[in-house]
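Report on the structure given below.
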Amino acid sequence: MSNRLADETSPYLLQHADNPVAWWPWCAEAFQEARRRDVPVLLSVGYASCHWCHVMARESFEDEAVAAYLNAHFLPVKVDREERPDVDAVYMDAVQAATGQGGWPMTVFMTAEGEPFYFGTYLPPTPRAGMPSFTQLLEGVHTAWTDRRDEVAGVAGRITRELGERRLEYGEPGPPGAEALAAAVDGLAGEFDAVRGGFGGAPKFPPSMALEFLLRHHARTGSDRALRLAEATCDAMARGGIYDQLGGGFARYSVDAAWTLPHFEKMLYDNALLGRVYTHLWRVTGSAAARATALETADFMVRELRTAEGGLASALDADSETPGGGGHAEGAFYLWTPEQLTEALGAADAALAVEVFGIGEAGTLRLPGPEAPEGLRARLLAARELRPRPERDDKVVAAWNGLAIAALAETGACFDREDLIAAAAGAAELLAAVHLDADGRLARTSRDGRAGPSAGVLEDYGDVAEGFLALYAVTGERTWLDRAGRLLETVLARFTGEDGALFDTADDAERLIRRPQDPTDGATPAGWTAAAGALLSYAAYTGSDRHRTAAERALGIVTALGTQAPRFIGWGLAVAEAALDGPREVAVVGPRDDAATAALHRTALRAAAPGAVVARGEPGAADPPPLLADRPMRDGVATAYVCRGFVCSAPTTDPARLAAQLGGPAPS
């Protein structure tokens with residue numbers, strides 16, 4: 001039996017290509033082979049930067065004896081959850097329903113028809129804390145399959161039926177109103193950690209989408225409470241160990257409630273979402289700390305994650321080789337011992353570093369006091385650069401690049417960083433050239449400039465359209481608006497049900513045991529609400545009632561869930577804020593290289609109005625988008641128009657007046 005992963009594009013699958021386990025990728029041929037051999041399928045799902053995935057691989061999948069038993073009695077299938085989020089979602093639902101919890105690595109035993117009957121996550125090589133060893137579990141499942149097949153088939157059929165019978169409570173077909181959005185703020189305030197920032201207890205994940213909602217709510221209503229919740233959380237995270245105080249960028253989450261000890265993997269999507277939040281916080285407050293965090297996070301993404309083709313890689317591993325050897329350890333690249341500080345800085349400056357950063361027992365750097373002297377930070381960073389670096393998952397995921405394009409474009413525009421705008425454009429060009437076909441269909445991933453085998457899911461279409469629209473706002477290049485429109489046509493044609501509900505996979509995608517449909521935020525915006533946001537923005541640019549209606553119908557789910565679980569539908573709440581505010585439409589008309597045009601355009605991009613769309617064009621341009629149509633300059637001077645629903649206030653040539661039109665709460 002041979003391992004069949006060597007030709008895959010996923011770095012996670014390639015990490016397992018040399019295992020003695022005879023892995024198959026997810027494909028019809030694998031299930032046909034399981035049927036021919038009359039063996040159950042072992043599905044193992046993980047991702048390249050997952051710490052416990054690496055641990056289980058070292059302990060079990062690289063063990064010759066374990067592999068021999070597994071190969072003899074099962075058909076092993078390995079899936080990268082980031083490449084196939086649809087497969088992951090369907091079987092994670094089953095794991096959580098059966099066990100009450102989930103996580104990665106995910107281990108599922110199923111029939112050759114894809115019907116699951118037994119579940120687990122990480123499984124140790126020896127029995128531990130009431131948990132059987134992986135080998136014991138394999139033996140138990142094999143015995144059940146051999147001796148009690150009818151019982152196994154009955155369990156698999158029942159689980160599959162229950163999954164298929166689940167129905168989503170969609171809610172009213174329209175966006176929530178002002179009272180519901182205020183109630184969602186109340187819900188977040190009730191879960192707020194007033195001492196340490198953030199919501200809930202340990203482990204603590206960056207609540208990026210809830211923060212975006214709070215900032216938009218403040219911009220629309222002037223709510224001081226919403227701003228305080230967002231500011232306190234952003235400050236606590238940026239000063240905590242979850243933030244890389246030397247190189248910028250955020251780790252995946254904090255193990256403790258005080259943001260001190262992170263789980264050290266660094267994901268593109270977290271940094272894209274958080275970088276945008278800190279840029280938006282700066283737009284509201286002018287905070288120097290928010291500006292620094294936004295720029296450091298953007299610089300981290302470009303420096304550490306940009307690929308040779310111009311895209312953004314998915315993640316940096318949590319694990320790396322420990323300095324001086326001795327094997328891999330989580331956080332080894334980022335942690336400091338007193339001895340390492342002294343070696344890098346000398347005794348006196350090492351003591352200063354301990355005072356400035358408040359280094360805890362784990363060796364994480366925090367910033368509880370005043371800002372660290374740049375010289376101290378630079379010397380520590382230079383010393384850290386000599387360490388063995390974490391591995392990089394260099395596949396390009398369409399959705400996460402869409403998020404990064406929006407973040408880099410807006411951050412570059414707000415802080416006059418043309419290099420960041422250029423990086424956003426480079427990533428967008430890669431998506432357009434490699435991921436997007438002539439029919440408006442997206443590939444989910446690429447690597448080394450080659451598209452992967454998996455079709456895009458709803459979040460890819462929503463987030464890439466969002467990125468393209470943000471890039472259009474910043475650059476004024478019409479092609480990005482048109483490409484976003486092609487993607488959203490596919491959303492309407494292939495992902496939308498008759499009642500306006502959205503599905504995570506297209507209607508012509510591979511059929512799984514059920515069609516996934518999840519409107520709640522996980523680590524990234526739900527595809528459902530990401531698409532709703534892009535549809536809303538596109539409608540504002542074009543005046544399309546069809547896109548506006550689709551967005552509003554999709555936001556019915558926010559009406560249903562926003563007050564019940566605001567932490568888990570933050571992006572939907574943020575989109576609903578934009579819908580309630582208009583969103584405001586800004587048209588800037590003037591010569592492209594004119595300083596007055598640039599001043600108005602910069603003012604519009606720096607405005608805090610929730611979800612405002614910005615179009616810039618030259619007077620008399622042929623076939624302008626509807627937002628720019630029939631917009632003359634006033635007295636031959638660059639002019640801005642602020643509209644809602646294509647009903648406009650008096651045009652202005654004054655950036656200060658434009659800022660006033662965009663910066664305050666919406667009129668009641």
Side-chain angles (χ1 to χ4, degrees), residues 51 195-198 202-204 206 234-266 270-271 274 278 287-301 303-304 316-392:
H51 170 69
V195 176
R196 292 159 296 217
K204 236 176 202 173
C234 286
D235 185 65
M237 290 191 301
R239 290 184 171 276
I242 193 174
Y243 185 66
D244 184 348
Q245 302 295 340
L246 303 183
F250 289 86
R252 179 69 196 95
Y253 63 87
S254 177
V255 175
D256 64 322
W259 308 107
T260 300
L261 181 61
H263 183 45
F264 286 93
E265 59 188 340
K266 280 180 165 182
D270 285 318
N271 286 283
L274 288 168
Y278 281 91
S287 161
R291 179 184 190 276
T293 305
L295 285 171
E296 288 170 5
T297 301
D299 286 337
F300 156 75
M301 286 191 285
R303 183 184 66 248
E304 302 282 349
L316 298 180
D317 279 4
D319 298 20
S320 59
E321 186 74 22
T322 55
H328 280 68
E330 185 179 359
F333 184 70
Y334 303 100
L335 296 172
W336 295 85
T337 65
E339 293 77 17
Q340 289 169 335
L341 288 175
T342 301
E343 181 181 353
L345 301 173
D349 283 348
L352 175 61
V354 172
E355 178 183 343
V356 168
F357 289 112
I359 298 171
E361 291 182 11
T364 53
L365 300 184
R366 297 177 291 123
L367 199 63
E371 298 295 318
E374 280 305 312
L376 183 66
R377 191 191 302 267
R379 289 167 65 195
L380 283 173
L381 180 60
R384 194 179 77 177
E385 287 298 304
L386 301 176
R387 296 177 174 180
R389 299 187 65 80
E391 293 292 326
R392 187 172 81 164

Return the set of residues passing ring pair (Phe, Tyr, Trp, His ring centres under 6.0 Å) with His263 (not counting sequence neighbours), or none when no residue passes.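 With sequence neighbours excluded, His263 shows a ring pair (Phe, Tyr, Trp, His ring centres under 6.0 Å) to Tyr253, given in chain and number order.
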
Can you sort out the partners of Phe333 under ring pair (Phe, Tyr, Trp, His ring centres under 6.0 Å), two or more places apart, ordered by chain and number?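 Ring pair (Phe, Tyr, Trp, His ring centres under 6.0 Å) list for Phe333, sorted by chain: empty.
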
Could you measure the distance from the CD atom of Glu296 to the CG atom of Asn271? Nearest 0.5 Å is fine.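 Glu296 atom CD to Asn271 atom CG measures 11.5 Å (nearest 0.5 Å).
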
Distance, nearest 0.5 Å, that separates NE2 of His328 from OG of Ser320: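 The distance works out to 7.0 Å.
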
Heavy-atom pair of closest approach, residues [X] and [Y]:
X	Y	value
Gly197	Lys204	O-NZ, 2.7 Å
Ala202	Ala257	CB-N, 3.7 Å
Trp336	Arg387	CE3-NH2, 3.3 Å
Tyr278	Ala238	OH-N, 3.6 Å

Please determine if Asp235 and Arg239 form a salt bridge, counting it only when a charged side-chain N lies under 4.0 Å from a carboxylate O.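 Here Asp235 pairs with Arg239 in a salt bridge, since their nearest N and O are under 4.0 Å apart.
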
Does atom CD of Glu391 have more than 12 heavy-atom neighbours, drawn from other residues, nucleotides or ligands, at distances under 6.0 Å?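 It does not: Glu391 CD has 12 such atoms or fewer within range.
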
Does a side-chain heavy-atom distance below 4.5 Å link [X] with [Y]?
X	Y	result
Arg252	His51	no
Gln245	Leu380	no
Lys266	Asp244	yes
Pro262	Thr364	yes
Leu316	Phe300	yes

Met237 vs Leu274, side chain to side chain contact (heavy atoms under 4.5 Å, CB included): CA-CA, chis, key distance, verdict: CA-CA 10 Å; Met237 290 191 301; Leu274 288 168; 3.9 Å; yes

Partners meeting salt bridge (Lys or Arg N to Asp or Glu O under 4.0 Å) with [X] (sequence neighbours left out):
X	result
Arg392	none
Arg291	none
Arg389	Glu304, Glu385

Pick one: which of Leu261, Val356, Ile359, Thr260 meets side chain to side chain contact (heavy atoms under 4.5 Å, CB included) with Arg366?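 Checked Leu261, Val356, Ile359, Thr260 against Arg366; only one passes side chain to side chain contact (heavy atoms under 4.5 Å, CB included): Thr260.
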
Should the ring pair Tyr243 and Phe250 be called parallel, tilted or perpendicular, given that the plane angle runs from 0 to 90° and is split at 30 and 60?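 Rings of Tyr243 and Phe250: tilted, as their planes differ by 30° to 60°.
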
Can you name the residues that form a side-chain hydrogen bond (donor to acceptor under 3.5 Å, both in side chains) with Arg379, not counting sequence neighbours?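 Asp349.
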
